Amino acid sequence: MRVQKPKGTVDILPDTSYQWDKVENIAKNFFRKANYQEIRTPMFENYEIFSRSSGESSDVVEKEMYDFMDKGDRHIALRPEGTAGVVRAYVENKLYGPEYPKPYNVFYIASMFRYERPQAGRQREFHQIGVESFGSDNALADVETIVLAHDLLSTLGIKKYELHINSLGNEAVRTAYRQALVDYFTPIKDKLSDDSQRRLKTNPLRILDSKDEEDIEFVSNAPRIRDYLDDESKKNFEFIIRTLSELKIDYVLDDDLVRGLDYYTGVIFEFMVEDTSLWQSKTTILGGGRYNHLVEEFDGPKTPAVGFGIGEERLMLVLKAQNPELLTDSNIDFYITNIGEETITKTVEIARELRKQGLKVQYDVEQKKLKAQFKKADKAKAKYVITLGVQEIEENTLNIKRLSDGKSYAFNMDEIANVNDLLQKLER
RNA sequence: GCGGAAUUGGUGAAGCGGUUAACACUCCGGUUUGUGGAUCCGGCAUGCGUGGGUUCGAGCCCCACAUUCCGCCCCA
């Protein structure tokens with residue numbers, strides 16, 4: 001048997017799982033403070049849910065989808081992103097009903113799947129933390145979403161990033177703009193890179209995003225979508241950037257920012273990190289925007305919506321570089337070393353009592369020699385060691401040693417009933 | 001999907017086509033048994049990603065595949 005995980009997947013082992021736990025808990029608490037509730041949707045959906053929402057010709061659908069026929073001959077796909085499934089759940093459960101608050105705000109933390117070549121911060125199974133807000137077309141909802149993204153990153157201790165922002169406008173705007181780009185690039189087609197010549201047919205907007213030297217001079221003179229925005233979109237966008245400025249949230253107006261999924265209709269934004277020790281070029285760790293037609297696309301009522309998603313793997317990489325203290329493990333408080341079979345029961349009792357009072361406590365279930373138990377205490381990074389022998393039991397004393405300086409203290413055994421007082425004495 | 005590099009024990013790794021795969025760390029045991037992170041002593045790969053091939057003989061050469069990493073496409 002080949003014992004090997006599938007390509008592009010990772011095991012998150014105990015030496016790092018607590019880091020994920022920590023980050024996810026911070027995110028959850030953060031969202032709840034803004035009154036966003038968690039939603040959990042299936043990790044697979046009918047294929048059409050994703051193909052219709054992301055766009056049939058998008059790369060995500062064309063080559064990155066993990067799809068298969070199930071035993072009932074249903075075309076199933078593992079979710080490549082979070083929004084489509086949440087929108088489907090919103091419609092199917094009629095969460096647009098009058099009894100639900102508007103906007104209807106949710107968050108999720110879940111695995112996503114894309115069939116791609118793995119790289120640093122890119123896997124076939126990866127994790128996203130995302131939020132969606134349904135029901136408000138007010139530009140303040142866009143601001144709130146961006147503010148949440150910004151504040152979550154800063155709560156996590158990520159400081160060095162750029163917020164890029166742009167607006168795609170409504171569908172008519174995008175169609176007109178797309179045509180303008182085609183009209184602009186077609187005459188000079190031969191001078192573009194091979195990739196961009198291909199993009200001209202499949203997704204002209206992406207040419208703006210090209211890193212190719214050949215394209216850059218043409219891109220700078222290309223028509224800008226801001227000049228094509230309808231009054232409504234323009235007004236909203238202006239409100240958004242003005243409010244962000246007033247809130248002292250820095251941003252970069254990025255005419256070349258486009259996003260890979262077809263469903264965006266208004267403001268779009270990305271939080272990008274530049275760190276050459278991690279990635280050669282700027283990398284997006286969080287992306288989002290407004291999508292006002294997706295609910296209708298899924299046969300729901302006309303419902304505007306806005307949201308964002310964070311790539312958790314990339315977030316972890318950036319955190320390791322920018323806020324390593326957040327990712328350090330917490331040590332245990334007490335390791336109980338004991339000598340002799342007569343002391344076993346008392347050892348377990350002390351451990352239970354201390355745990356009940358909220359402390360992290362361990363003892364040696366293997367009952368090795370005292371010396372080996374001390375070594376285990378070191379390895380577990382225990383702050384204190386309690387040593388329990390028949391002597392202590394007879395005298396009813398509690399023998400505590402601080403590992404950092406090797407000082408020992410004797411207390412009355414009864415004092416474990418209130419370990420916080422005890423700790424205070426120890427810390428003096 | 002395209003291009004490049006890598007793959008030796010728990011870890012970091014050395015290794016000439018030719019007897020028992022160096023060294024270090026970790027780990028385990030011991031250093032006379034109730035106090036640790038030091039020193040010292042001892043132990044720890046029947047195997048060199050997988051499968052073929054070349055050869056008297058392969059970890060070292062050839063081929064295929066797999067996986068990982070880097071870049072591109074694209075994206076989180």
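Keep in mind it's a predicted model, so treat the numbers as computed, not measured. So that the names make sense, note that chain A is the first sequence line, chain B the second, and so on, each numbered from 1.
Relative to the ring axis of Tyr115(A), Arg124(A) places its NZ or CZ within 45° and under 6.0 Å from the centre.
Distance check, rounded to the nearest 0.5 Å: CG of Asp254(A) to OG of Ser167(A) gives 12.5 Å.
Looking at heavy-atom distances under 4.0 Å, Gly82(A) makes no contact with the nucleic acid at all. Contacts of Glu392(A) with the nucleic acid, taken as non-hydrogen atoms under 4.0 Å apart, include base atoms. If you check every strand for non-hydrogen atoms under 4.0 Å, Glu313(A) touches nothing. Within 4.0 Å (heavy atoms only), Lys381(A) reaches no atom of the nucleic acid at all. Note on Gln373(A): nothing from the nucleic acid sits closer than 4.0 angstrom, heavy atoms only. Residue Glu312(A) is out of contact with every strand shown, counting any heavy-atom pair closer than 4.0 Å. Nucleic acid contact for Gly340(A): none, since no nucleic acid atom lies under 4.0 Å from a heavy atom of the residue.
Stem list for RNA chain B (at least 3 consecutive Watson-Crick or G-U pairs, distances under 3.5 Å): B:1-7 with B:66-72, B:10-12 with B:23-25, B:27-30 with B:40-43, B:49-53 with B:61-65.
To the nearest angstrom, P of U35(B) lies 12 Å from CD of Gln391(A). Note: NZ (Lys282(A)) to C1' (C72(B)) measures 19 Å, nearest angstrom. Rounded to an integer number of Å, the gap from CD of Glu81(A) to P of A76(B) is 8 Å. In this structure, the CD1 atom of Ile207(A) is 18 Å from the P atom of C72(B), given to the nearest Å. Put simply, NZ on Lys407(A) is 19 Å from P on G37(B), counting in whole angstrom units.
Between Tyr66(A) and Phe113(A), the ring-plane angle classifies as perpendicular under the 30° and 60° cut-offs.
Rounded to whole Å, the separation between the C1' atoms of C56(B) and U11(B) comes to 38 Å.
Distance from the side chain of Phe126(A) is smallest to A76(B) among U68(B), A76(B), G37(B). Among the nucleotides C75(B), G71(B), G34(B), the one closest to any side-chain atom of Ile339(A) is G34(B).
Ring to ring, Tyr90(A) and Phe134(A) are close: their centroids are under 6.0 angstrom apart.
With Phe411(A) as the fixed residue, the side-chain contact (heavy atoms from CB on, under 4.5 Å) test singles out one of Thr397(A), Leu426(A), Asn399(A), Ile416(A): Leu426(A).
Close to A76(B), at under 4.0 Å from its OP1 or OP2, lies no side-chain N or O of Gln123(A). The phosphate of U35(B) (OP1 or OP2) has no side-chain N or O of Lys401(A) nearer than 4.0 angstrom. Side-chain N/O atoms of Lys369(A) include one lying less than 4.0 angstrom from OP1 or OP2 on G30(B).
Within residues 382-389 of chain A, the residues approached by RNA chain B to less than 4.0 Å at the level of any non-hydrogen atom are Thr387(A), Gly389(A), in residue-number order. A heavy-atom distance below 4.0 Å to RNA chain B is reached by none of the residues of residues 151-165 of chain A.
Residue pairs meeting the salt bridge (charged side-chain N to carboxylate O under 4.0 Å, His left out) criterion with at least one partner in residues 3-25 of chain A, sequence neighbours excluded, do not occur; the list is empty. The ring-ring contact (aromatic ring centres under 6.0 Å, His included) analysis of residues 375-409 of chain A, with sequence neighbours excluded, yields the pairs Phe334(A)-Tyr384(A).
By the 5.5 angstrom centroid cut-off and the 30-degree plane limit, Phe374(A) is classified as not stacked against the base of G37(B).
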For residues 366-376 of chain A, please give each side-chain donor-acceptor pair under 3.5 Å, one per line with the distance, not counting sequence neighbours.
from, atom 1, to, atom 2, distance (Å)
Glu366(A), OE1, Lys376(A), NZ, 2.9
Gln367(A), OE1, Asn338(A), ND2, 3.0
Gln367(A), NE2, Asn338(A), OD1, 3.0
Gln367(A), NE2, Asp364(A), O, 2.9
Gln373(A), OE1, Asn338(A), N, 3.0
Gln373(A), NE2, Asn338(A), O, 3.0
Gln373(A), NE2, Lys368(A), O, 2.8
Lys376(A), NZ, Asp364(A), OD1, 2.8

